[in-house]
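Within every chain, numbering begins at 1; the chains are lettered A, B, ... in the order of the sequence lines, protein sequences first and strands thereafter.
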Amino acid sequence: MSIYLHDTLRGEKIEFEPLKAGEVTMYLCGPTVYNYAHIGNARPAVIFDLLARLLRRRYKLTFARNITDVDDKINQASIETGKPIGEISERFIKAYNDDMAALGVLPPDIEPRATQHVDEMIEMIVKLLDKGCAYKAEGHVLFDVLADPGYGKLSKRDIREMIAGARVEVAPYKKAPQDFVLWKPSTPELPGWESPWGRGRPGWHIECSAMSVAHLGRTIDIHAGGQDLVFPHHENELAQSTCIHDGEPFARFWVHNGFLSIDSTKMSKSLGNVLLVHDLIKTIRGEVIRLALLSAHYRQPLDWSDETLDDAHRKLDRLYGAVRGIDIDDAVRSSARPPATFVEALEDDLNTPRALAGMFDRARALNKTEDPVERQKLAAELLAAGDLVGLMQSDPEEWFAGPDEGDMDAAEIESLLAQRERARSNGDYAAADKIRDNLADRGITIEDGSSGTRWRRS
RNA sequence: GGCUAGGUGGCAGAGUGGUUAUGCAGCGGCCUGCAAAGCCGCGGACAUCGGUUCGAUUCCGUUCCUAGCCUCCA
């Protein structure tokens, strides 16, 4: 069984083979660091973290996720707050990495920053001018989309139709409305770099072309991002890189995740429904968010609501419940492999719902069997599956004990349970049930079992 | 208007040309002092209209609906 991925350019699921045997290069468009990441930003981060984990099982992966730290939105934030640009970007780079870490996202191998690659961008723009793919106009350098016969093939658009149907105000110096800025002049108060065209700053798209070739080479195996980047961002990257490299393929697989909506509506600042990961993780455990993000197939739209989170929480309750109280030998744990059907589901274009279903099947088998050796083996395999998808990373007891800031601490709960146990052994079930009801009112559910009474926060 | 992706049981969400998704919820049973957790079983679905086929939820086309993109955006 191989890994299969849906390629946006070819429009179908295709067996993945790296260009160079045994080695894979992957580039993900990362954050523009002018604010905290919202839950929609987290979806590609989590999904492609999972893809990276999956690829590492088979290949030597080099995974780059860039940081856009030169952008007009950052400039705007600087003007609004009066803080230097570098301070803003540093702050949000750290916040981004902390927030993603809370969701179980492992760091990429390389995290290149746009500001560290301006020289390469300038070199690329010079080449684009030389090759006739770009032109200068009023201090700007623009990419000439009509010079690229393949323009539009990634997003499946007909450039001529788009020109005819254009309804946006077009800058007068553009030859075609879709021509995009490679370089633009900066005023003295804006960040800028010296260039053959005067002091200025790069357009957005050129940075990814420059950073991917700098770190991963001319042809990368996988280029990933959100669906909304297909046009214009990735279409433009593709056009630039293809022109500069004389038609050499830029990315062999284009992989895009679907959009996330909030309560069935688009997340937008004007609606005030932007959910920041930074805020969510204050009250919701990262694993719950991660599972919620993986509960739908990555190319499908995902609607985010309180129910999505409740659902994810209950799923984790079930998974943790299956492994709770099982003492797994270290050797068994470390030698366990995730179930084959589980891995196959993931390798089939990252079918996380099917993979998760496989984990639940494993959980049921585990709950069913009495044999201690078998139980250890199944539990270890379930945890190995969890390791691969970045779930079930806590101790089950910690999971059920819940966050520390509950309104009762563990000692108080244990003391009440001891009282209840005395009442039960005296046959005073009325008193025992009263204690249980009181605990339930405060969010504590108890379970009497053969090995004593367990509790959890619900 | 154009492009792309979808419309699956109460909800979420996979998949398949003829046979169980899975989780939650519901119903019945087992277990339990009673619960909870767990186990067993049950019901309930493939938007619409046509076509292809021995047979379609699955393939093809129509209609309706939804989302995203077409402008900064994961």
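A/Phe360 comes within contact range of the sugar-phosphate backbone alone, with a heavy-atom separation under 4.0 Å but no base atom that close. Looking at heavy-atom distances under 4.0 Å, A/Leu356 makes no contact with the nucleic acid at all.
Side-chain proximity of A/Leu229 to B/C69, B/A21, B/A74: nearest is B/A74. The listed nucleotides are B/A14, B/C24, B/C69; the one nearest the side chain of A/Gln300 is B/A14. The side chain of A/Lys156 approaches B/C3 more closely than any other nucleotide in the set B/A14, B/C3, B/A74.
Residue-to-nucleotide contacts include a donor-acceptor pair under 3.5 Å from the side chain of A/Asp433 to the base of B/G33.
For the C1' atoms, the distance from B/U16 to B/U8 is 12 Å, rounded to whole Å. For the P atoms, the distance linking B/C60 with B/G7 amounts to 13 Å, nearest Å. Rounded to whole Å, the separation between the C1' atoms of B/A45 and B/A36 comes to 31 Å. Here, B/C27 and B/G15 have their C1' atoms 27 Å apart, quoted to the whole Å. B/C39 and B/G23 are spaced 8 Å apart, taking the P atom of each and rounding to whole Å.
Under the stacking criterion of a centre-to-centre distance below 5.5 angstrom and an interplanar angle below 30°, A/Phe259 is not stacked against the six-membered ring of B/G68.
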What does nucleotides 35-43 of chain B look like as a protein-contact string, B for base, S for sugar-phosphate only, - for none, at under 4.0 angstrom between heavy atoms?
-> BBSSSS---

May I have the list of side-chain donor-acceptor pairs in residues 291-300 of chain A shorter than 3.5 Å, sequence neighbours left out?
unit_1	atom_1	unit_2	atom_2	d
A/Ser295	OG	A/Ala292	O	2.7
A/Tyr298	OH	A/Asp349	OD1	2.6
A/Arg299	NE	A/Asp349	OD2	3.2
A/Arg299	NH2	A/Asp349	OD2	2.7

Under 3.5 Å for both distances, Watson-Crick or G-U wobble, that's the pair rule; now give the dot-bracket for RNA chain B, with | marking pairs to another strand and [ ] for crossing ones.
-> (((((((..(((.....[...))).(((((.......)))))....(.(((..]....))).))))))))....

